[in-house]
Colleague: 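My questions all concern the structure below.
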Amino acid sequence: MSEQYGILLVSHVAELADGLARLLKQAAKDVNVKAVGGTEDGGIGTDFDKIMGALGKMKEPEILAFYDLGSAKMNLELVRDLTDKKLIICDVAFVEGAYTAAALVQADTPFDDLCEQLQGLKVK
Amino acid sequence: MSEQYGILLVSHVAELADGLARLLKQAAKDVNVKAVGGTEDGGIGTDFDKIMGALGKMKEPEILAFYDLGSAKMNLELVRDLTDKKLIICDVAFVEGAYTAAALVQADTPFDDLCEQLQGLKVK
Amino acid sequence: MLTVETSRTWLSLFIEKLEKNENYLNTLDAPIGDGDHGTNMVRGARELRSKLAQEPPADLPELFVTAGWSFIQKTGGTAGLLYGQAFLHMARAFQESADLLRGLAGGLEGIQKVGHAELKEKTLVDVWIPVMEDIRNQRLSLERINEHVISTKDFQAKKGRAAYVSEQLNGHIDPGAASCGYFFEAMLEAGVYDE
Amino acid sequence: MLTVETSRTWLSLFIEKLEKNENYLNTLDAPIGDGDHGTNMVRGARELRSKLAQEPPADLPELFVTAGWSFIQKTGGTAGLLYGQAFLHMARAFQESADLLRGLAGGLEGIQKVGHAELKEKTLVDVWIPVMEDIRNQRLSLERINEHVISTKDFQAKKGRAAYVSEQLNGHIDPGAASCGYFFEAMLEAGVYDE
Ligand SMILES: Nc1ncnc2c1ncn2[C@@H]1O[C@H](COP(=O)(O)OP(=O)(O)O)[C@@H](O)[C@H]1O
Ligand SMILES: Nc1ncnc2c1ncn2[C@@H]1O[C@H](COP(=O)(O)OP(=O)(O)O)[C@@H](O)[C@H]1O
Ligand SMILES: [Mg+2]
Ligand SMILES: [Mg+2]
Ligand SMILES: [Mg+2]
Ligand SMILES: [Mg+2]
C-alpha cells in the first residue's frame, strides 16, 4: 500500500467509476483506489455526500482525484474546500490519466515526475 | 437514430464500457452506442471475437471507435482490416472523446467539424 | 423588503415554479445537454422544502445556508452545485448586512468561483448579472427578466455540457438561464425587491 | 529442418513451456505491467492445442494460420495479438517458401505492423530480431537466446503498459521477451533450425 497517495475516481455513472477502479487495481495492486459514481438514487450525476464519504474513508493524506465531466470537478472543488486532506484534482483524461497515475504510484514514482507525466494527458 | 455514424466503445473492463455507454446515451439518445469489454471469461482484457461480434450487429456504415488502452487499439486495428464497414479508430481520451463524439453525432455535426473537435482530445 | 419572511416566500415560490416547470426545463436541456435540468433542480428544491418544514431557519443567513446545502447535496447536476454555491455565498453576504444587491453580488461570486462563466457564455450568469444591473438602475420587472432569459438564445455555449455542441445550438434558450429566470420572478413576486 | 512436423513439435514445445512457466511470466509482468502475461499466453496456447487436436493442419501455412487465430482470439492481452499477428504473417511467408528466416522476417513485420516497437524498447522484438541475426550468422544457441532475454533488463520500456512506468523499471526482464525466449528455445529443441 502506498501510504502517502490514494486515488479517487468520480464519475457520473457508478459502473464507469467501478470498472475503472478494477482496471487500475490490476496494474496497481498496492494503491488505494476508491470509486464514486452516480446520484443517490442510482441515476446519472455526481453526489457531493458520496464523494465526501468516500474521501473520509481514505487513510492517505494526499489524494489524486480524477473525474469524467465538468460538474464532477465542481463537486470535487467543493469537497476540497472542506476536507483536511490534500485533494489534488487532476484535469487529465479520466481513464488514461487515472491509469497512468495508479501505475506510477504503484512504482513509487516521485510526485514531481508523476505530475510531469500527467501533463501530457491534460484535456480539460 | 443517426443512420450514418455509430459509436463503438472498447474497454478492458466490461463495466467500464457499459457505464460509459450509459453516460453517452443520456446526451445522445438517438445515436447507436455499442459497448464491448473484458475477456470471454469475464476477466480484464479485450476479446477480438466480442469486438467483431458487436461491430457486426451495428447497422451504420461508419463507426467511430474509442478504446481505453493500447492493446484494445491493436484489436481494433485487426478488426478494421477484416470488416466491410468504415471503422474510424479515434486516438483520443476514452471518456471525454467518446462523450464529445456522441454529443456531436446527436447534433448532426458535419464529420469534419467533429474530427476537428476531437483533435483537441488526442492523448494517445 | 428583504427579510427572513419575504425570503422564505421567495424560495418557496422558486420551489413551486421549478416543480411546475420541471418538464419544460428538461425539454430545454435535452437538445443542448442531457435533458435533466428540471429533474435535477426539483430534487434540490424538494430537499429544501423538507428541510425548511423540519426546522424553520432563525435568520437570513441560516435560510440561505440551508438552501445552499439542499441544492449542493441533492441536485446531482452542474446547476445544482452552482445554485448551491450561490446561496452559500449569499448567506455569507447577508451575515454582514441584509442588502439584496450585496447578497446577489456574493451569489454571483460563488457561481463564478466554481463555474468560471462570464457573460454571453449561455449560462444562468446571463440572467443573474443583467438582473443585478436592473436592480442598480431600478428597472427590474418580469418583462426584463424574461428578456434576459430569451437573450441566451443567441449566445454560444462555452461552459458545461452544451459547450460540446455549441455551434449547433444557436436559437435554444439555456435551461439554467430559464430556471434562473424563475428564481428572480419569485423574488419579485415575494416582495423582496422594492424600488 | 523446417517441415510441418517439426513445426508442430515446435509449437507443442512452446505450449508446454508456456504452461510450465505461467506463474513466472505473471511474476515478470507484475511490476512492469498487470501481472497477466503468463495467464494470457496460456489461454492462447491451450486454444491452439485443442484446435490442433481437432484437426491436424495439412501444411505449414495452415499450421501457422491456426496458431495465429488461436492467440488472437483467446489471449486477451497485447502480446497475444502480437504473437497472433506474427504467426499469421509467418503463414503468409511460408506460402511462398518453407524458409525459416523469411518466415521469421514476416513474423517480425506482423509484430511491428501492429505494435510499432523498435529494438531496445523492452519488448519481445528485442529477442526476435537478435535471434534472426544469430540465424543469419549461424550462431544461434540456447545461451544466445537467454542472453537476448536478459538484455531487456537494461532497456527502458517505450511500448505497452510498461511504458507508463518506464524509468522505475530498469533491471526487470520484459515478460514478452521471456515468452519469446521460450518460443525460440522450442524452435531449437524441435530441430526446426539447422545450421
Ligand atoms: N460552468 C458553468 N458556469 C455557469 N453555469 C453553468 C456552467 N455549466 C453549466 N451551467 C449551467 O447549468 C445548466 C445545466 O444544468 P444541469 O442540466 O442541471 O446540469 P448537468 O449539465 O450536469 O446535467 C446550464 O444550462 C447552464 O446554465
Ligand atoms: N507495442 C508493442 N510492441 C511489441 N511488444 C509489445 C508491445 N506492447 C506490449 N508488448 C509486449 O507484450 C508484453 C505484455 O503482454 P501481456 O501482459 O500479455 O499483455 P497486456 O500488457 O495487455 O497485459 C510486454 O512484455 C511486451 O513484450
Ligand atoms: Mg443537464
Ligand atoms: Mg446531468
Ligand atoms: Mg500484462
Ligand atoms: Mg493485461
Side-chain angles (χ1 to χ4, degrees), chain A residues 7 9-29 33 35-39 41-47 50 65-73 89-104 116-124, chain B residues 7 9-29 33 35-39 41-47 50 65-73 89-104 116-124:
Chain A
I7 290 185
L9 307 173
V10 181
S11 169
H12 279 64
V13 178
E15 300 97 293
L16 209 173
D18 291 340
L20 179 55
R22 215 180 138 200
L23 186 69
L24 266 52
K25 286 303 285 184
Q26 196 201 25
K29 268 173 281 304
V33 178
V36 190
T39 57
D41 48 4
I44 297 181
T46 60
D47 184 303
K50 275 197 190 182
F66 299 86
Y67 60 91
D68 53 2
L69 302 175
S71 60
K73 176 178 182 169
I89 304 174
C90 302
D91 298 323
V92 295
F94 187 39
V95 171
E96 296 82 354
Y99 185 86
T100 304
L104 291 173
E116 211 184 293
Q117 287 214 41
L118 286 183
Q119 273 301 323
L121 298 172
K122 245 186 134 93
V123 292
K124 289 165 173 171
Chain B
I7 290 184
L9 307 172
V10 181
S11 168
H12 279 65
V13 178
E15 299 97 293
L16 210 174
D18 292 340
L20 180 55
R22 216 180 136 200
L23 186 69
L24 265 53
K25 285 304 285 183
Q26 196 201 23
K29 268 172 280 305
V33 178
V36 190
T39 57
D41 49 4
I44 298 181
T46 58
D47 184 303
K50 276 197 190 182
F66 300 86
Y67 61 91
D68 54 1
L69 302 175
S71 60
K73 176 178 182 169
I89 304 174
C90 303
D91 297 324
V92 295
F94 187 38
V95 171
E96 297 82 355
Y99 185 86
T100 304
L104 292 173
E116 211 185 292
Q117 287 215 41
L118 286 183
Q119 273 301 323
L121 298 172
K122 245 184 134 93
V123 292
K124 289 164 174 172

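Letters A, B, ... mirror the listed sequences (proteins, then strands); counts begin at 1. Owing to the predicted nature of the structure, the values given are computational and were not obtained by experimental measurement. Note: hydrogens, waters and symmetry copies are ignored here, and every other heavy atom, side chains too, is used.
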Colleague: Using only distance (under 3.5 Å, no hydrogens or angles), which donor-acceptor pairs connect chain B and chain A?
Modeller:
residue, atom, partner, partner atom, Å
A:Glu15, OE1, B:Arg22, NH1, 3.3
A:Arg22, NH1, B:Glu15, OE1, 3.3
A:Arg22, NH2, B:Gly42, O, 3.0
A:Gly42, O, B:Arg22, NH2, 3.1
A:Phe94, N, B:Glu96, OE2, 2.8
A:Glu96, OE2, B:Phe94, N, 2.8
A:Glu96, OE2, B:Lys124, NZ, 2.9
A:Lys124, NZ, B:Glu96, OE2, 2.9

Colleague: Among A:Leu20, A:Leu16, A:Val95, which residue has the highest count of heavy-atom pairs closer than 4.5 Å to chain B?
Modeller: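 Top option by heavy-atom pairs under 4.5 Å: A:Leu16.
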Colleague: For a quick test of reading the model, state the closest non-hydrogen atom pair linking A:Ala98 to A:Leu9 and the distance between them.
Modeller: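 Nearest pair, atom of A:Ala98 first, then A:Leu9: CB-CD2, 3.7 Å.
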Colleague: Can you name the closest pair of heavy atoms from A:Ala35 and A:Ala21 and give their distance?
Modeller: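 The answer is CB-CB, 4.0 Å.
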Colleague: Indicate the atoms forming the closest heavy-atom contact of A:Val10 with A:Ala72, along with that distance.
Modeller: CG1-CB, 3.9 Å
Colleague: Looking only at heavy atoms, which two atoms of B:Phe66 and B:Cys90 are closest? And how far apart?
Modeller: CE2-CB, 3.5 Å
Colleague: Checking B:Val123 against chain A: side chain, backbone, both or neither under 4.5 Å from a heavy atom?
Modeller: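 The answer is both parts of B:Val123.
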Colleague: Pair A:Leu118, A:Leu104 - check side-chain contact (heavy atoms from CB on, under 4.5 Å), show working.
Modeller: CA-CA 10 Å; A:Leu118 286 183; A:Leu104 291 173; 5.7 Å; no
